[in-house]
Amino acid sequence: GKGSGACEGYVPSQADVAVFEAVSGPPPADLYHALRWYNHIKSYEKEKASLPGVKKALGKYGPANVEDTTGSGATDSKDDDDIDLFGSDDEEESEEAKRLREERLAQYESKKAKKPALVAKSSILLDVKPWDDETDMAKLEECVRSIQADGLVWGSSKLVPVGYGIKKLQIQCVVEDDKVGTDMLEERITAFEDYVQSMDVAAFNKI
């Protein structure tokens, strides 16, 4: 590095302490200069408060173009040897990588939101049977169509004779599979018990 740092026989100063505290753990063994320095400072751990010099933020020592890595600021001079010794580059890299990943994820999410998702739908033909030939079929149909639900759209309908002057209502509807099921339809339709005797699914097609 540019700063020679502490070496044997030299009393470390508060500058060393500031750097020492900024280092989370001992540098990897291949950075043996840093490791030797680290261990040397470590041996002064007990008395570091009384060491000479005034303890300042890291950026106040050493070459002027080295920014303070003890604070929040990241450094621009990635190629600066001194910074590598402090092992802070990796941390900044992963922060950067994390930020990038989160950005990409957000982009992906918003793209997905813009693209209409493929909704599974079914077309269902229902047979709704009245109690008898006295039942008001217009009223019955009105009741059926009054059923509203998210993902349910009523289609065309017709009255189909079933014999004895009785007609059943055949009504088409389109449903979103994960929102509306035939059980729910049957429950809601047969709830109009004054008009509806029963409901059957005449046809069920995935769209």
Side-chain angles (χ1 to χ4, degrees), residues 21-25 28 67-76 78 83 86-207:
E21 285 173 353
V23 178
S24 50
E67 289 185 34
D68 185 0
T69 52
T70 49
S72 56
T75 175
D76 295 327
K78 283 269 182 260
I83 301 300
F86 304 153
S88 63
D89 254 14
D90 298 345
E91 235 162 77
E92 278 155 24
E93 286 305 325
S94 64
E95 277 302 310
E96 181 72 7
K98 198 169 111 188
R99 198 175 57 77
L100 251 145
R101 197 177 63 234
E102 278 166 10
E103 259 173 36
R104 288 215 184 101
L105 209 63
Q107 275 171 0
Y108 168 73
E109 287 298 336
S110 71
K111 253 201 211 105
K112 208 168 64 171
K114 282 193 197 86
K115 194 175 119 196
L118 211 61
V119 179
K121 291 183 179 179
S122 298
S123 168
I124 307 173
L125 186 64
L126 302 176
D127 277 351
V128 184
K129 294 194 182 82
W131 289 105
D132 52 35
D133 60 343
E134 305 273 298
T135 304
D136 183 340
M137 294 306 287
K139 193 75 186 139
L140 180 148
E141 181 175 345
E142 198 182 298
C143 289
V144 171
R145 287 185 182 275
S146 74
I147 298 169
Q148 293 182 332
D150 185 26
L152 167 65
V153 179
W154 292 109
S156 58
S157 64
K158 61 181 177 182
L159 296 178
V160 180
V162 287
Y164 310 107
I166 298 173
K167 293 183 167 111
K168 66 182 177 184
L169 171 72
Q170 234 182 27
I171 187 164
Q172 185 92 29
C173 67
V174 171
V175 300
E176 289 183 28
D177 294 349
D178 55 357
K179 289 181 180 172
V180 181
T182 49
D183 292 350
M184 180 263 224
L185 288 171
E186 184 172 10
E187 196 179 301
R188 300 278 289 272
I189 289 172
T190 53
F192 296 108
E193 46 198 25
D194 294 348
Y195 304 97
V196 180
Q197 180 191 330
S198 67
M199 182 213 93
D200 291 302
V201 176
F204 188 103
N205 296 296
K206 293 264 177 223
I207 296 180

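Side chains are part of it too, since the values below use all heavy atoms of this structure and drop only hydrogens, waters and symmetry mates. Along the sequence shown, residues carry numbers from 1.
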Practice task
To the nearest 0.5 angstrom, please state how far the CD1 atom of Ile171 sits from the CD1 atom of Ile189.
Solution key: 7.5 Å

Practice task
Check whether any side-chain heavy atom of Lys206 sits under 4.5 Å from a side-chain heavy atom of Asp177, and report yes or no.
Solution key: yes

Fill in the blank from the handout: For Val174 and Lys121, the nearest pair of non-hydrogen atoms, with its separation, is CG1-CD, 4.1 Å

Practice task
Any chance you could measure Ser94, atom OG, to Arg101, atom CZ, to the nearest 0.5 Å?
Solution key: 9.5 Å

Handout entry: From CA spacing to verdict: side-chain contact (heavy atoms from CB on, under 4.5 Å), Cys173, Leu185
Key = CA-CA 10 Å; Cys173 67; Leu185 288 171; 4.1 Å; yes

Fill in the blank from the handout: For Ile124 and Val201, the nearest pair of non-hydrogen atoms, with its separation, is CG2-CG1, 3.9 Å

Exercise for the section: Please indicate whether Glu103 has more than 12 foreign heavy atoms, meaning atoms of other residues, nucleotides or ligands, lying under 6.0 Å from its CD. Expected result: yes

Completion exercise
Looking only at heavy atoms, the pair that brings Leu169 and Ser157 closest together is CD1-CB, 3.9 Å

Practice task
Report the C-alpha separation of Leu100 and Glu96 in whole Å, then their side-chain angles, then the decisive distance to 0.1 Å, and conclude whether the side-chain contact (heavy atoms from CB on, under 4.5 Å) test is met.
Solution key: CA-CA 6 Å; Leu100 251 145; Glu96 181 72 7; 4.3 Å; yes

Handout entry: Ser123 and Asn205: CA distance, side-chain angles, deciding distance, side chain to side chain donor-acceptor pair (under 3.5 Å) verdict
Key = CA-CA 5 Å; Ser123 168; Asn205 296 296; 5.1 Å; no

Exercise for the section: Could you tell me which non-hydrogen atom of Tyr195 sits nearest to which non-hydrogen atom of Asp136, and how far apart they are? Expected result: CD2-O, 4.0 Å

Handout entry: Any donor-acceptor N/O pair, Trp131 side chain to Glu193 backbone, under 3.5 Å
Key = yes

Exercise for the section: Answer yes or no: is there an ion pair linking Arg99 with Glu95, defined by an N-O contact shorter than 4.0 Å? Expected result: no

Handout entry: Shortest non-hydrogen separation from Ala149 to Val180 and the atoms involved
Key = CB-CG2, 4.3 Å

Practice task
Supply the atom-to-atom distance Asp127 CG to Gln170 CD, rounded to the nearest 0.5 angstrom.
Solution key: 4.5 Å

Problem - Side chain proximity check, Lys179 to Leu152, heavy atoms < 4.5 angstrom - result: no

Problem - Straight-line distance of Arg188 CZ to Gln148 CD, nearest 0.5 Å - result: 9.0 Å

Completion exercise
Here the gap from Phe192 atom CZ to Thr135 atom OG1, rounded to the nearest 0.5 Å, amounts to 14.5 Å

Handout entry: Distance, nearest 0.5 Å, that separates CG of Leu140 from CE of Met137
Key = 5.0 Å

Problem - Glu176 vs Asp178, side-chain contact (heavy atoms from CB on, under 4.5 Å): CA-CA, chis, key distance, verdict - result: CA-CA 6 Å; Glu176 289 183 28; Asp178 55 357; 4.2 Å; yes

Exercise for the section: Show the numbers, then the answer: is there a side-chain contact (heavy atoms from CB on, under 4.5 Å) between Leu126 and Trp154? Expected result: CA-CA 11 Å; Leu126 302 176; Trp154 292 109; 4.0 Å; yes

